[in-house]
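Before I ask anything, let me first share the structure, which is written out below as structure tokens.
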Amino acid sequence: MSFIYHNTCPVCGAATSHKVLTAKDYTVSKETFDINHCGHCSVRFTQNVPDSASIGRYYQSQEYISHSETRQGLINRLYHSVRKITLRSKQNWVKAATGLKQGSILDIGCGTGSFLHFMQQGGWQITGLEPDETARQNAKTLYNIEPRPSEDLYSLPAGQFDAITMWHVLEHVHTLHDYIRQIRTLLKPEGAILIAVPNYTSPDAEHYGEHWAAYDVPRHLYHFSPAAMEVLLKQHKIRVVKKHPMVFDGFYVSLLSEKYKTGGNGLFKGFWNGFISWRKGLKDVDRCSSVVYECKAE
């Protein structure tokens, strides 16, 4: 197994980072990983992560909901109960960003295909990429969708898609700049990119610190602030035109973080902290637990 240690920032290249915390992998390995903070662009990144050929085993868990569709446990049942609402929100964001009721969409890291299935029902032409073979099989079983392996990103025709979406995927990508460069190539001139990532400057992240579930080491390689996302995208001539709050994420992440922190369900405390994060996120999207960046190529 090979590991990656960053001597310079993987977003801006600065050599100004320092360790800010150590987080635990609560989902699979129970190992701990250091997280560094870049003093220049403000991105945080996980150190000594397994390389792309070695990280697969850290996704092998029935608790990893985007791959398994598990409904075990209260938190996962709550996740499924609000998913229809979030699918509708995502569809509306895509329509508003593109100005289209129907078009062609690429969903990168599509998991078991629930979002693509929802878009397909609305008349969109869908393409999905997913690195996990089990998730691809589940997409076929659940929705009769056949996602392609993630490496097919580089063999897709240029200028093909009206919309390209990455819902909590960018933080997993080892070849960060190559991915964004290729996404821009695949987009139609007037197309839109929507990228959702956790926000470590949110109230729930500040409250839970090293126990914040959205650090999700070592699967999350990077931890973005709104400022860091702007720096990253500008390097590829992509501008953020609008930001949207993922209003339910603060509740889900806080419930899970409370479980990690206390070892129990902590339902009331987790819900309350999620409520605080939600309320502050409504006032200022840059404080939301997860942010959707609606982008256009310059």
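These numbers were taken from a predicted model, which means no experiment stands behind them. Positions are given from 1 along the sequence.
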| Flag for Y208-E258: side-chain donor and acceptor within less than 3.5 Å | yes

| Cut-off 3.5 Å, side chains only: do S290 and D249 have a donor facing an acceptor? | yes

| message | If you compare all heavy atoms of P149 against all heavy atoms of L129, which two are closest, and at what distance to 0.1 Å? | response | O-CD2, 3.5 Å

| Heavy-atom count around K243 NZ within 6.0 Å, excluding the residue itself: above 12? | yes

| query | Checking side-chain contact (heavy atoms from CB on, under 4.5 Å) for the pair R219/D216: CA distance, chi angles, key distance, verdict? | reply | CA-CA 6 Å; R219 291 161 294 277; D216 198 24; 2.8 Å; yes

| Contact check, side chains of I164 and I105, non-hydrogen atoms, under 4.5 Å | no

| query | Looking at T8 and G13, what are the two nearest heavy atoms and their distance? | reply | CB-O, 3.5 Å

| query | Just checking, any donor-acceptor pair under 3.5 angstrom between side chains of T22 and K19? | reply | yes

| message | Measuring from atom NE2 of H174 to atom CD1 of I4, what distance do you get when rounded to the nearest 0.5 angstrom? | response | 4.0 Å

| request: May I ask you to check whether N144 and K140 show a side-chain donor-acceptor distance below 3.5 Å? | output: yes

| request: Give a yes or no answer on whether the side chain of D25 reaches the backbone of S29 with a donor-acceptor pair at less than 3.5 Å. | output: yes

| If we only count heavy atoms from C-beta on, is the H168 to M246 side-chain gap below 4.5 Å? | yes

| task | Test R57 against E31 for salt bridge (charged side-chain N to carboxylate O under 4.0 Å, His left out), laying out the working first. | result | CA-CA 13 Å; R57 75 178 187 90; E31 299 169 9; 3.2 Å; yes

| message | Within the supplied structure, the quantity of interest is the number of heavy atoms (other residues, nucleotides, ligands) at a distance under 6.0 Å from H236 NE2; does it exceed 12? | response | yes

| said: Parallel, tilted or perpendicular: which one describes the rings of F115 and W167, with boundaries at 30° and 60°? | reply: perpendicular

| query | Can you hop from V28 to I35 via hydrophobic side chains spaced under 4.5 Å? | reply | no

| Do the ring planes of H37 and H18 sit parallel (below 30°), tilted (30 to 60°) or perpendicular (above 60°)? | tilted

| Pair S104, D162: side-chain N/O donor-acceptor within cut-off below 3.5 Å | yes

| Is there a donor-acceptor pair closer than 3.5 Å between any side-chain N or O of E130 and the backbone N or O of G111? | yes

| Q182 to L153 - nearest heavy-atom pair and separation | NE2-O, 3.0 Å

| task | Identify the heavy atoms of H211 and Y26 that sit nearest to each other, and give their distance. | result | ND1-OH, 2.9 Å

| field | Within 6.0 angstrom of K188 NZ, more than 12 heavy atoms from elsewhere | value | yes

| query | If you draw a 6.0 Å radius around NZ in K296, do more than 12 non-hydrogen atoms from other residues or ligands fall strictly inside? | reply | yes

| remark: Closest non-hydrogen contact found for Y260 with A213 is CE1-CB, 3.7 Å

| Can you find a heavy atom in the side chain of L194 that is under 4.5 Å from one in the side chain of V94? | yes

| request: Quickly, which of R44, H223, K24 forms a side-chain hydrogen bond (donor to acceptor under 3.5 Å, both in side chains) with Y215? Name it, please. | output: R44

| message | Using side-chain heavy atoms (C-beta onward) and a distance below 4.5 Å, is F118 in contact with Y143? | response | no

| remark: In this structure, CD1 of I276 is separated from CZ of F251 (nearest 0.5 Å) by 10.0 Å

| message | Closer than 4.0 angstrom, basic N to acidic O: yes or no for R287 and E206? | response | yes

| message | With a 6.0 Å cut-off (strictly less than), is the heavy-atom count around CD of Q121, excluding the residue itself, greater than 12? | response | yes

| request: Taking atom types as modelled, find out whether N273 and S254 have a side-chain donor-acceptor pair closer than 3.5 angstrom. | output: no

| query | Quick one: do the S225 and S42 side chains pair a donor with an acceptor below 3.5 Å? | reply | yes

| request: Indicate yes or no: at least one non-hydrogen side-chain atom of T16 is less than 4.5 angstrom from one of C38. | output: yes

| field | Residue pair F45 / C9: nearest heavy atoms and the distance that separates them | value | CE2-CA, 4.1 Å

| message | Any heavy-atom pair between the side chains of P198 and E171 that's under 4.5 Å? | response | yes

| So Y59 and H172, would you call those rings parallel, tilted or perpendicular, with 30° and 60° as cut-offs? | tilted

| task | Please say whether more than 12 non-hydrogen atoms of neighbouring residues, nucleotides or ligands are located less than 6.0 Å from CD in E190. | result | no

| said: Checking R239 against E294 for the salt bridge (charged side-chain N to carboxylate O under 4.0 Å, His left out) test, could you report, in this order, the C-alpha distance in whole Å, the side-chain angles of both residues, the deciding distance, and whether it holds? | reply: CA-CA 9 Å; R239 59 188 174 90; E294 178 184 320; over 6 Å; no

| said: Is it the case that atom CD in Q137 sees more than 12 heavy atoms from other parts of the structure closer than 6.0 Å? | reply: yes

| message | Are F224 and Y200, when compared by the centres of their aromatic rings, separated by less than 6.0 Å? | response | no

| message | Strictly distance-based, threshold 3.5 Å: is any side-chain N or O of R148 a donor or acceptor partner for the main-chain N or O of T127? | response | no

| field | Test item: L221 and T46 side chains (from C-beta on) under 4.5 Å apart, heavy atoms | value | no

| message | Students often mix this up, so state it plainly: with edges at 30° and 60°, are the rings of W278 and F275 parallel, tilted or perpendicular? | response | tilted

| said: Testing the 3.5 Å rule here: is there a donor-acceptor pair between the side chains of N92 and S89? | reply: no

| message | Measuring only between side-chain heavy atoms, which start at C-beta, is C110 closer than 4.5 Å to P147? | response | yes

